[in-house]
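Below: the structure, in structure tokens.
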Protein chains: 2
Amino acid sequence: MTDVGDDSPVPTLAFAILALIAREPLTGYQLSRQLRDPIGLFWQARHSQIYPVLNRLERLGWATAEEVPGPGPRPTRRFSIGAAGMDALRAWVAAPQSRRSGRDELLLRVYASWVADRSVTLGLLRDAEARHREQLATYTARRRSAEDRGVADDATTAEFADYATLRRGIGFERGRIAWLRWLMRRLDADGSSDDEG
Amino acid sequence: MTDVGDDSPVPTLAFAILALIAREPLTGYQLSRQLRDPIGLFWQARHSQIYPVLNRLERLGWATAEEVPGPGPRPTRRFSIGAAGMDALRAWVAAPQSRRSGRDELLLRVYASWVADRSVTLGLLRDAEARHREQLATYTARRRSAEDRGVADDATTAEFADYATLRRGIGFERGRIAWLRWLMRRLDADGSSDDEG
DNA sequence: ATCTCCATGTAACTCGTTACATGATTTT
DNA sequence: AAAATCATGTAACGAGTTACATGGAGAT
């Protein structure tokens with residue numbers, strides 16, 4: 001009994017959860033881990049946000065819960081998507097997209113970086129490159145593993161959809177690293193020529 | 001007198017605003033337009049979010065306001081960054097970055113797209129491509145204009161920082177379009193061979 | 001004994017969007 | 001005359017984060 005009125009618009013997180021339980025039934029805890037890592041690539045949520053949405057999906061008849069043995073003071077519940085949930089998810093995929101480009105703190109820092117010393121900016125960019133290289137390594141390992149399992153062969157499967165988003169993640173990281181390297185070269189060049197004290 | 005307690009952490013939006021008024025003094029209204037278009041590329045805010053932050057920047061002594069002639073029932077105020085604001089902005093550029101990768105609704109839709117008909121998914125991707133091509137055209141026009149003005153020549157200016165973020169925008173759009181085309185080709189191939197029904 | 005993982009929930013708060021409210025100037 | 005633009009604010013709500021709360025199972 002977290003909330004009762006079910007007339008308010010369904011949040012995007014609900015569809016992220018539906019997309020995950022459409023693959024296999026999951027507990028709230030498992031969802032909270034998945035919304036850090038695999039899908040976490042492009043959608044994140046904490047467990048405090050997930051549990052209320054799960055209860056709402058249940059009340060909407062979009063998901064059903066079964067109790068499974070587990071630890072803890074409260075029952076462990078595994079959620080499965082229902083026929084109505086599949087319909088809702090299908091409708092959402094086709095729904096018109098809202099074009100709000102996201103927020104990117106690194107770009108904002110670079111936009112403001114002319115107020116700082118060149119060495120500070122270069123440090124910022126080097127840190128960013130290291131973190132993106134790390135992320136890229138994770139993604140490429142995952143891509144190789146997917147390709148070895150033959151996931152890339154049939155574009156109609158759920159695993160292929162995973163693989164497709166993974167490829168976009170790799171493209172994003174590579175593009176960002178290339179841009180960071182370009183920017184560092186430019187800052188190095190305009191600093192080492194040392195026109196002004 | 002919107003809020004009084006000034007001990008809570010300063011939101012990222014405050015630094016986005018500082019980065020803008022560090023270039024030239026702006027009114028709240030001008031900021032709200034800039035946080036749609038040029039910087040809007042990677043940070044957005046509505047005027048209802050901006051005005052309270054401006055008042056807070058003033059109370060912090062990070063920005064100063066001067067009244068200028070203008071229309072409307074309330075005085076029009078143009079904000080300039082102060083020395084303390086510049087220090088705060090400089091410190092923020094160098095501060096450790098929080099790595100929370102953003103949310104991307106298109107990727108979430110693709111992740112869920114295996115539940116929908118192939119034609120629906122292809123429609124989604126075609127729409128996305130059209131919107132990204134449009135955005136790319138805007139960015140490339142802006143880049144050409146910046147290069148014609150010689151902005152790309154000196155990496156120490158504020159205009160170069162603009163230009164650098166613009167280049168990242170172009171890279172992002174191109175990468176995304178390439179990925180969309182790859183995905184559409186893959187879906188076309190696995191559909192036109194028509195193995196089933 | 002302590003730590004980590006599994007497991008679910010609530011409370012308090014900040015961030016962000018939409019809607020309400022007012023009113024002058026300029027353009028169509 | 002109507003619409004768009006300039007200009008600033010508040011209110012209500014939804015989205016998202018952090019912190020509080022509980023407790024069993026297994027590993028160190």
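We name chains A, B, ... by the order of the sequence lines, and we start the count at 1 in each one. These numbers come from a predicted model, not from an experiment.
What separates CD of A:Gln30 from P of C:dA7 is a distance of 6 Å, to the nearest Å. Computed from coordinates, the A:Glu105 CD to C:dG16 P distance equals 10 Å when rounded to whole Å. Separating the CZ atom of A:Arg46 from the P atom of C:dG9 is a distance of 19 Å, rounded to the nearest angstrom. To the nearest angstrom, P of C:dG9 lies 12 Å from CG of A:Leu31. For B:Asn55 and D:dT8, the CG to P distance is 10 Å, given to the nearest whole Å. Between the P atom of D:dG16 and the CG atom of A:Leu13 lies a distance of 7 Å, rounded to the nearest Å. Spacing between atom CZ of B:Phe15 and atom P of C:dC15 amounts to 11 Å, rounded to whole angstrom units. The CZ-P distance, from A:Phe79 to C:dT8, rounds to 7 Å in whole Å.
Without hydrogens or angle criteria, A:Arg23 side chain to A:Ala19 main chain gives a donor-acceptor distance under 3.5 Å.
With C:dA7, D:dA15, C:dG9 as the choices, the nucleotide that has an atom nearest any side-chain atom of A:Gln49 turns out to be D:dA15. The side chain of A:Arg77 lies closest to C:dG9, out of D:dC6, C:dG9, C:dG23.
When heavy atoms are screened at a 4.0 angstrom cut-off, A:Gly70 is found touching no nucleic acid atom at all. B:Thr12 comes within 4.0 angstrom of nothing in the nucleic acid, heavy atoms only. Looking at heavy-atom distances under 4.0 Å, A:Pro75 makes contact with sugar-phosphate atoms alone, never a base. Counting any heavy atom pair closer than 4.0 Å across all strands shown, A:Arg78 reaches no nucleic acid atom. In this structure, B:Pro11 reaches the sugar-phosphate backbone alone: every heavy-atom distance under 4.0 Å involves primed, P, OP1 or OP2 atoms, never a base.
With 3.5 Å as the limit, one finds a donor-acceptor pair spanning the side chains of B:Arg149 and B:Ser145. Donor-acceptor pairing under 3.5 Å is lacking for the side chains of B:Tyr139 and B:Arg143. Side chains of A:Thr156 and A:Asp154: a donor-acceptor N/O pair is present below 3.5 angstrom, by distance only.
Look at A:Arg74 and you won't find any side-chain N or O under 4.0 angstrom from OP1 or OP2 of D:dG24. One finds a side-chain N or O of B:Tyr29 lying less than 4.0 angstrom from the OP1 or OP2 phosphate oxygen of D:dC6. Close to D:dG9, at under 4.0 Å from its OP1 or OP2, lies no side-chain N or O of B:Tyr51. Neither OP1 nor OP2 of C:dC5 sits under 4.0 Å from any side-chain N or O of A:Arg33.
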- Task: I would like to know whether B:Gln97 and A:Arg131 meet side-chain hydrogen bond (donor to acceptor under 3.5 Å, both in side chains); could you show each step before the answer?
- Result: CA-CA 10 Å; B:Gln97 293 169 73; A:Arg131 291 195 293 103; 3.0 Å; yes
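Remark on DNA chain D: of its neighbouring residues B:Pro71 and A:Pro9, the 5'-side contact belongs to B:Pro71, judged by nearest-heavy-atom nucleotide.
Judged by atom type and distance alone, B:Ser48 reaches the base of C:dT18 through a side-chain donor-acceptor pair under 3.5 Å. B:Ser8 contributes no side-chain N or O that forms a donor-acceptor pair with the base of C:dT14 under 3.5 Å.
By the 6.0 Å and 45° rule, B:Arg109 stacks over the aromatic ring of A:Trp92.
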